[in-house]
2 protein chains.
Amino acid sequence: MTRREPRPRERGIPEATVARLPVYLRALQALSESGTPTVSSEELASRAGVNSAKLRKDLSHLGSYGTRGVGYDVGYLVYQISRELGLTQDWSVAIVGAGNLGRALANYGGFGTRGFRIAALLDAEPALVGDRVAGLSVGHIDTLEGVVEAENVSIGVIATPAQAAQAVCDRFVGAGVTSVLNFAPVVLNVPPEVDVRKVDLSIELQILAFHEQRKADGREGPERIGTLDAPPGPAGGQ
Amino acid sequence: MTRREPRPRERGIPEATVARLPVYLRALQALSESGTPTVSSEELASRAGVNSAKLRKDLSHLGSYGTRGVGYDVGYLVYQISRELGLTQDWSVAIVGAGNLGRALANYGGFGTRGFRIAALLDAEPALVGDRVAGLSVGHIDTLEGVVEAENVSIGVIATPAQAAQAVCDRFVGAGVTSVLNFAPVVLNVPPEVDVRKVDLSIELQILAFHEQRKADGREGPERIGTLDAPPGPAGGQ
DNA sequence: TAGATTGTTAATCGATTAACAATC
DNA sequence: TAGATTGTTAATCGATTAACAATC
């Protein structure tokens, strides 16, 4: 059963690669719009902010879509990456939370463009229901299940305050959504078949602060007061 | 010069660990507010959504702050992680772009809270200048350099449309900012001493679409039509 | 002392990178 | 053919994980 098999073709693209494909795609689309027919791995890598070895390795997971001595056909590679990412079909997205963040998301160019369709923007606040945002009318949160079914929503976006997020997530999952993009600063609990990605503004800031502090340490001059090798030990708190 | 040295204490916390510290910190702060004095690695890991081996390994990079047989003192660990992340001092942040996203960021709880201070919210659009958002008056983009100097801004946040992002980034860098959080869908070019972190909404959606597609493939039944092993070859496009 | 839980070790896994043979 | 550039190999590096000795 779990015997070593000949391995059909090694499906499965590394996660790190998947996360970079959208970046390559964006660079390629810009090239396409400017009418550039082909691009080398060196040039494309530079535009995507990675080194060319990594780019070629990443693309090699999709197949051999380049031409030695020439480079990659821009249009062809746009198509191959789009297909790999699942952007040749349309995904229906529902956003919960019609505050500034939800509105920003609804208006965000990248959302409405190829591959995604915002099916609904919902909120619990009656005063917001009916507002028009990005060509949509804000709906009431109680219509969530109905919208998910009627519009075949496969991706739920949570742009609510932290306290509301888990409940909204549960409703998405209950309605059959298996991909969630969470902007609320909480760890969501979901069954294993559900994918959650998280965007956390304050975490990003904290990571920057960490590095900023390191830089500042250097600037303050070479003589550190001493490294806190022996901290005072667990303090109070019981 | 580059001779093998005794190694003072192996400074340098792995990036993957740094990125998780804010998550641990948030879970610990919640525990602290609920008056919990100590927590085991198992419990804290569960709340942070990681396994306990990883949590202990991560914390071990900061020092030995736990007690065998007991767990971690919540308050003490909050302090140690905060210090490591550089949150025991205040960082001044300037946000450029006072559209929905900029307003969402300015209003975001996690921003104003401990460790960060929003020094300014700027925009190029005269009609927005003077608007009050989250207790701030929107300023004009031309005051950027003055604000950075006067307020000692160390982190610049870019919440502008894509076309404006690189120019704003250049101004931040020119004014001496060395950490940038970018929400615009472009790859920013910066000198090596500048840290850029990027939050890209459409990239997150595309990564979800990739996985969603994989799940859908499975659902469609076991008989695939065939794997596109031999693609048609570079199509047209020149 | 017995039970609990940390901090560390070592094995494994996945990602990055440089180099270069293949080939247009 | 000569020059350019891909796709792949192999070495290296960093991250994850399970297991357990140390120790409260």
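It should be emphasised that the depicted structure is a prediction, and the values quoted were computed from it without experimental measurement. Letters go in sequence order (proteins before strands), and every chain restarts at 1.
Of the residues K54(A), R56(A), K57(A), the one that meets the side-chain hydrogen bond (donor to acceptor under 3.5 Å, both in side chains) test with S41(A) is R56(A). Evaluated for a side-chain contact (heavy atoms from CB on, under 4.5 Å) with Y72(A), the options T38(A), L31(A), L59(A) yield exactly one hit, L59(A).
Across all strands shown, dT9(D) forms a Watson-Crick or G-U wobble pair with dA18(C), both key distances being under 3.5 Å. In a base pair of the Watson-Crick type (N1 to N3 plus N6-O4 or O6-N4) or a G-U wobble (N1-O2 and O6-N3), with each distance short of 3.5 Å, dA4(D) is matched with dT23(C).
Residue S41(A) places at least one side-chain N or O under 4.0 Å from the OP1 or OP2 atom of dT6(D). In this model, the phosphate group of dA4(D) is not approached by any side-chain N or O of Y72(A) to a distance below 4.0 Å at OP1 or OP2.
Here the shortest heavy-atom pairing between H61(A) and T17(A) reads ND1-OG1, 3.8 Å.
Rounded to an integer number of Å, the gap from L77(B) CG to dG7(C) P is 9 Å. As rounded to whole Å, 13 Å separates atom P of dC20(D) from atom CZ of R56(B). With rounding to whole Å, N51(B) atom CG is found 12 Å from dA15(D) atom C1'. Rounded to an integer number of Å, the gap from CD of E43(B) to P of dA4(C) is 16 Å. Atom OH in Y76(B) sits roughly 15 Å away from atom C1' in dT6(C) (whole-Å rounding). Distance, K57(B) NZ to dA10(C) P: 11 Å, rounded to whole Å. Rounded to whole angstrom, the span from the CG atom of L21(B) across to the P atom of dA15(D) amounts to 13 Å. Atoms CG (L55(A)) and C1' (dG7(D)) sit 12 Å apart, rounded to a whole Å.
At a cut-off of 3.5 angstrom, the base of dT23(D) holds no donor-acceptor pair with the side chain of R68(B).
Among dT16(D), dT6(D), dA15(D), the nucleotide with an atom closest to any side-chain atom of E15(B) is dA15(D). Across dG7(C), dT8(D), dT9(C), the shortest atom-to-atom separation from the side chain of S64(B) is found for dG7(C). For S40(B), whose side chain is taken as the heavy atoms from C-beta onward, the closest listed nucleotide among dC24(C), dT16(C), dT6(C) is dT6(C).
The shortest side-chain heavy-atom distance between F116(B) and I155(B) falls under the 4.5 Å cut-off.
The environment of CD in E42(B) is sparse: at most 12 heavy-atom neighbours from other residues, nucleotides or ligands sit within 6.0 Å.
Each of D58(B) and S60(A) has a nearest nucleotide on DNA chain D; the 5'-most of these lies closest to S60(A). Residue order along DNA chain C, read from the 5' end via each residue's closest nucleotide, puts R20(A) first among R20(A) and G69(A).
Within the nucleic acid shown, A16(B) comes within 4.0 Å of sugar-phosphate atoms alone, with no base atom in reach, counting heavy atoms only.
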